[in-house]
Protein chains: 2
Amino acid sequence: MPRTLLERPDAVRALAGVFRRRGFESSSLSVIQQEAGIGRGSLYHFFPEGKTDMARAVLDQVGDWFEDEVFAPLRSATDAAEAVSAMTKAVADYFVSRENVCLFAAMTLGEEKETFAGEVKAYFVDWVDALAALLQRGGLNAGDAHENALDVVAMIQGGLIITRAYGDESTFLGVMERVERRLLAHLS
Amino acid sequence: MPRTLLERPDAVRALAGVFRRRGFESSSLSVIQQEAGIGRGSLYHFFPEGKTDMARAVLDQVGDWFEDEVFAPLRSATDAAEAVSAMTKAVADYFVSRENVCLFAAMTLGEEKETFAGEVKAYFVDWVDALAALLQRGGLNAGDAHENALDVVAMIQGGLIITRAYGDESTFLGVMERVERRLLAHLS
DNA sequence: TACAAGCTGTACTAAACAGTACAGCTTTTG
DNA sequence: CAAAAGCTGTACTGTTTAGTACAGCTTGTA
């Protein structure tokens, strides 16, 4: 095997940063080169189909992180209250350290919304369903569990929007605190 | 005065449709011409500064609608419960008939987020503050009123995201129903 | 030390882009 | 009915875009 100066996952991480900061559509190849510090040659080496490939790789990586750190723990948890606190903490830390941007939410708008509709839907369905199942195990009936899970995920996503609009990340943290409190109240 | 075949407000309405459907950044001038049915000449006649002018005009028009139909009624209402129901109905009807897209929320991402940061912040601040003031008049203390107002606006915005991801507008309508129920519960 | 294979910068192409200029059209006003 | 003024299509410019081609570099392996 030859050298591996830059690994694909590193490239994906750098791309994710650019897409979060500038949005997918206004990240031109020249901007990506500059901000991610990756040349055109490397970019097309790792992502032969261009920007679409890059976006897919970024969404995959984010989706994997949520699967491992959020959805799977929700599904396998035995203590519902503990799982709720772990989820809110993980999610809050994640978005605060990622410029308060959810790339899946961003993909519900713009040109390529159809291209990634499947992945985007799966992300939200997985999250809502995993949380709903946990709430059901915590004592809620199926309907209430699903409605509460949906409302909570919506509140988190809306909280991100408002905190970006306000330019003040404490707003998002406040939303996350109340999300946790609300879920715990339902479980007691 | 000479003829007025196409008025500026009509042009703005057409532009809003294009921006909602395709996103601001991927609406090129040729796409706008085609989908809005307005030629290049007319576009630069009405919006001399180009796309930035167009976006500003669209945001202004949407902002005016919300001011007149949502924020002002919230501020001047005497019956809090009635005002809450009026707001949820107006907002639900608005977004359902506008492809479940909030253009102000869309402007918190992408290239021009800084250009319109002021307008975007004002929109959310006006909404949250008007609703918070109403809840306070309805008996909540200042802190609870503000938190609930913020959470509700977040839930609405997040509901739009999830309904677009699900490709099923009944999800958003469900969120709006529970928003209304929750607010009414706080007022009783 | 030499080969193999992954990685990378540079130069290039064709298409799409935002924005300009302007002649000419249409309709209201006097 | 003529003039004024708003509106509109077309042709154009220079720039930026995504994507390609490829020579050459770097490093692990034999």
Side-chain angles (χ1 to χ4, degrees), chain A residues 1-19 21-59 61 103 106-107 109-116, chain B residues 1-19 21-59 61 103 106-107 109-116:
Chain A
M1 251 224 283
R3 73 160 170 191
T4 47
L5 267 188
L6 180 68
E7 309 263 2
R8 212 183 112 110
D10 297 325
V12 174
R13 230 182 312 275
L15 288 176
V18 178
F19 289 157
R21 241 171 296 126
R22 331 233 343 176
F24 178 71
E25 333 227 2
S26 49
S27 297
S28 68
L29 267 290
S30 16
V31 157
I32 293 172
Q33 273 189 90
Q34 209 169 331
E35 293 198 14
I38 309 175
R40 237 178 176 61
S42 311
L43 246 20
Y44 278 93
H45 173 75
F46 287 121
F47 313 100
E49 287 175 45
K51 268 179 84 175
T52 307
D53 248 7
M54 299 177 205
R56 192 180 310 279
V58 167
L59 288 184
Q61 185 177 273
L103 285 170
M107 289 296 177
L109 289 169
E111 200 173 26
E112 60 295 310
K113 69 181 145 196
E114 272 117 35
T115 312
F116 301 113
Chain B
M1 253 220 287
R3 72 157 172 195
T4 48
L5 266 188
L6 180 67
E7 309 264 1
R8 214 184 110 112
D10 298 325
V12 175
R13 230 182 311 277
L15 288 176
V18 178
F19 290 157
R21 241 170 296 126
R22 330 234 344 176
F24 178 71
E25 333 229 1
S26 50
S27 297
S28 68
L29 267 289
S30 17
V31 157
I32 293 172
Q33 274 188 89
Q34 209 170 330
E35 291 198 15
I38 308 175
R40 237 179 176 60
S42 311
L43 282 173
Y44 278 92
H45 173 76
F46 287 122
F47 312 100
E49 286 175 45
K51 268 179 83 175
T52 307
D53 249 6
M54 299 178 206
R56 191 178 310 278
V58 167
L59 288 183
Q61 185 177 272
L103 285 170
M107 289 296 176
L109 291 169
E111 199 174 27
E112 60 296 307
K113 70 180 142 194
E114 271 117 34
T115 312
F116 301 113

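The distance from atom CD of B/E25 to atom P of D/dT16 is 17 Å, rounded to the nearest whole Å. For B/F46 and C/dG19, the CZ to C1' distance is 18 Å, given to the nearest whole Å. Look at CD on A/E49: it is 10 Å from P on D/dT20, rounded to the nearest Å. Here C/dA18 presents its P atom at 13 Å from CG of B/L15, a figure rounded to the nearest Å. Computed from coordinates, the B/I38 CD1 to C/dA18 P distance equals 15 Å when rounded to whole Å. Between the CD atom of B/E112 and the P atom of C/dA18 there is a distance of 13 Å, given to the nearest Å. Here the C1' atom of nucleotide C/dT8 and the CG atom of A/D10 are 15 Å apart, to the nearest Å. In this structure, A/M54 atom CE and D/dT17 atom P are separated by 13 Å, rounded to whole Å.
The shortest distance between the side-chain N/O atoms of A/H45 and the OP1/OP2 oxygens of C/dC7 is below 4.0 Å. Not one side-chain nitrogen or oxygen of B/S30 sits closer than 4.0 Å to the OP1 or OP2 atom of C/dA16.
In this structure, B/R40 contributes its side chain and B/Q33 its backbone to no donor-acceptor pair below 3.5 Å. With hydrogens and angles disregarded, no donor-acceptor distance shorter than 3.5 Å links the side chain of B/S42 to the backbone of B/I38. Looking at B/K113, its side chain does come within 3.5 Å of a backbone N or O of A/R21 through a donor-acceptor pair. Within the 3.5 Å criterion, the main-chain N or O of A/E111 finds a donor-acceptor partner in the side chain of A/E25.
At a cut-off of 3.5 angstrom, the base of D/dA21 holds no donor-acceptor pair with the side chain of A/R40.
For B/L29, taking side-chain heavy atoms from C-beta onward, the closest of the listed nucleotides D/dA18, D/dG9, C/dA18 is C/dA18.
Residue whose closest nucleotide on DNA chain D sits further toward the 5' end, between A/G41 and A/S28: A/S28.
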